[in-house]
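Notes for the one structure printed next.
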Amino acid sequence: MKKFFSIIFGFSLGIITMFNTGAQVLDIKKQDDPILREISTEVTNFDEQLEMLIDDMSDTMKESKGVGIAAPQVGKKLRVFLVEYDGEITEYVNPTITVRKGEQTSIEGCLSVPNIFGKVIRPKYIRGKAFDKYGEEFEFEAEGDEARIICHEYDHLEGKLFTDFAIKTLTNKQIITTMAITIIGTIVLGLIIGYFASPYVIAFFN
């Protein structure tokens, strides 16, 4: 009897697994993977497979604590990326950026280039068009951090990484060291200023 129930349980589990369409966390390709250097192809089928891919990408991005992810990063050479901004995730399928204005410089990182950060110059404002996962076209515009993230993800579709444009790159260790030196320097400077300024402050209130 116990063996019979074990067989039934195993069979049921197999059926559930076979029909389970829930999103899953995918492996993220790292910078030495050739797919990250290829130009992605346009999506032609807006079907369930595309929806599943986007759902999987969303789960992968959340699990990895990212704010953006592109299809090549999960091994799919398709012109698709997601961006999370202000708590909302937007999918961009077959995107085109038609307007780029201004300039901004910021520090960027990437899920495919772990433990490396770079100082990158991006447009301050962008405008363009894309499709959602159902094939509905929409226009988008963004500025500041949102524009920067979109441009970063768009580069993945062109086979480019942020390190290709970085003015300077730093490792995690270098950033932590720099921050530590800055904090210590600020404290020491404050103590020095306080030491020399304290007699004047005391005299002022006496």
Side-chain angles (χ1 to χ4, degrees), residues 11-100 108-114 120 122-123 125-143 145-165:
F11 179 77
S12 300
L13 187 62
I15 293 294
I16 292 171
T17 303
M18 185 171 65
F19 287 98
N20 180 25
T21 57
Q24 59 181 320
V25 175
L26 306 173
D27 290 332
I28 295 177
K29 305 299 180 181
K30 298 303 184 287
Q31 60 190 45
D32 56 348
D33 196 299
I35 196 170
L36 295 177
R37 291 304 185 178
E38 298 178 15
I39 297 178
S40 297
T41 56
E42 287 199 351
V43 172
T44 55
N45 296 320
F46 292 81
D47 52 16
E48 287 184 6
Q49 284 192 331
L50 177 64
E51 290 183 39
M52 287 175 62
L53 170 63
I54 288 174
D55 289 343
D56 289 346
M57 287 171 61
S58 178
D59 270 21
T60 304
M61 180 177 68
K62 291 175 183 175
E63 180 70 20
S64 304
K65 305 292 190 293
V67 293
I69 192 168
Q73 291 181 276
V74 294
K76 301 295 182 180
K77 201 173 73 171
L78 294 172
R79 299 189 76 80
V80 179
F81 65 77
L82 309 182
V83 167
E84 182 174 6
Y85 189 74
D86 277 349
E88 182 178 347
I89 296 177
T90 304
E91 67 247 17
Y92 297 80
V93 181
N94 297 341
T96 55
I97 298 176
T98 55
V99 177
R100 301 171 187 253
E108 294 187 16
C110 181
L111 298 177
S112 293
V113 190
V120 184
R122 298 283 189 189
Y125 169 86
I126 61 170
R127 188 167 67 240
K129 294 181 179 180
F131 294 86
D132 64 18
K133 61 186 176 184
Y134 305 111
E136 295 293 326
E137 188 176 30
F138 65 93
E139 295 184 353
F140 65 86
E141 61 178 355
E143 58 183 356
D145 284 342
E146 186 179 16
R148 174 179 60 80
I149 298 168
I150 291 173
C151 288
H152 177 112
E153 298 308 327
Y154 184 87
D155 281 345
H156 278 300
L157 309 186
E158 298 297 313
K160 300 173 183 177
L161 298 173
F162 81 95
T163 49
D164 298 338
F165 312 103

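Note that R79 lies in the cation-pi zone of Y154, set by a 6.0 Å cut-off to the ring centre and a 45° limit from the axis.
To the nearest 0.5 Å, atom CD of residue E91 and atom CG of residue D55 are 8.5 Å apart. Atom CD of residue Q49 and atom CD of residue E51 lie 11.0 Å apart, to the nearest 0.5 angstrom. Here the CD1 atom belonging to I69 is positioned 10.5 Å from the CD1 atom belonging to I89, to the nearest 0.5 angstrom. Atom NZ of K29 sits about 7.0 Å away from atom CD1 of I35, to the nearest 0.5 Å. With rounding to the nearest 0.5 angstrom, the CG atom of L53 is 11.0 Å from the OG atom of S58. With rounding to the nearest 0.5 angstrom, the SG atom of C110 is 4.5 Å from the CD atom of Q73.
Minimum heavy-atom separation, D132 to F138: N-CE2, 3.7 Å. The two residues A147 and P123 come nearest to each other via the heavy atoms CB-O, 4.1 Å. Nearest approach of L78 to P72, heavy atoms of both residues: O-CD, 3.9 Å. Of all non-hydrogen atoms in A130 and Y92, the two that sit nearest each other are CB-CD2, 4.0 Å. The shortest heavy-atom contact between V120 and F165 is CG1-CB, 4.2 Å.
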Checking F81 against I150 for the side chain to side chain contact (heavy atoms under 4.5 Å, CB included) test, could you report, in this order, the C-alpha distance in whole Å, the side-chain angles of both residues, the deciding distance, and whether it holds?
CA-CA 9 Å; F81 65 77; I150 291 173; 3.9 Å; yes
Apply side chain to side chain contact (heavy atoms under 4.5 Å, CB included) to residues K129 and T98 and explain how you reach the verdict.
CA-CA 8 Å; K129 294 181 179 180; T98 55; 5.6 Å; no
Kindly determine whether N45 and L50 satisfy side chain to side chain contact (heavy atoms under 4.5 Å, CB included), including the steps that lead there.
CA-CA 7 Å; N45 296 320; L50 177 64; over 6 Å; no
Test E84 against T90 for side chain to side chain contact (heavy atoms under 4.5 Å, CB included), laying out the working first.
CA-CA 6 Å; E84 182 174 6; T90 304; over 6 Å; no
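Looking only at distances, no side-chain donor or acceptor of D86 sits under 3.5 Å from a matching main-chain atom of E88. Formation of a donor-acceptor pair under 3.5 Å by the N94 side chain with backbone atoms of V43 is found in this model. When atom types are taken as modelled, the side chain of T41 and the backbone of K77 share a donor-acceptor pair closer than 3.5 angstrom. Judged by distance alone, the side chain of D56 and the main-chain N or O of Q24 form a donor-acceptor pair under 3.5 Å. Using modelled atom types, one side-chain atom of T60 and one backbone atom of L26 make a donor-acceptor pair closer than 3.5 Å. D155 places no side-chain N or O within 3.5 Å of a backbone atom of E158 that could act as its donor or acceptor partner. In this structure, the side chain of R100 does not engage the main chain of I126 through any donor-acceptor pair within 3.5 Å. At least one donor-acceptor pair closer than 3.5 Å links the side chain of D164 to the backbone N or O of L161.
No side-chain heavy atom of I28 sits under 4.5 Å from any side-chain heavy atom of P114.
Just one residue in the list E108, E143, E153, E146 forms a salt bridge (Lys or Arg N to Asp or Glu O under 4.0 Å) with R122, and that residue is E108.
Ionic pairing of D145 and R148 is present here: one or more N-O contacts between side-chain nitrogen and carboxylate oxygen are shorter than 4.0 angstrom.
Under the 30°/60° scheme for interplanar angles, the aromatic rings of H152 and F162 are found to lie parallel.
Counted within 6.0 Å of NZ on K133, heavy atoms from surrounding residues, nucleotides or ligands total more than 12; the atom is thus considered enclosed.
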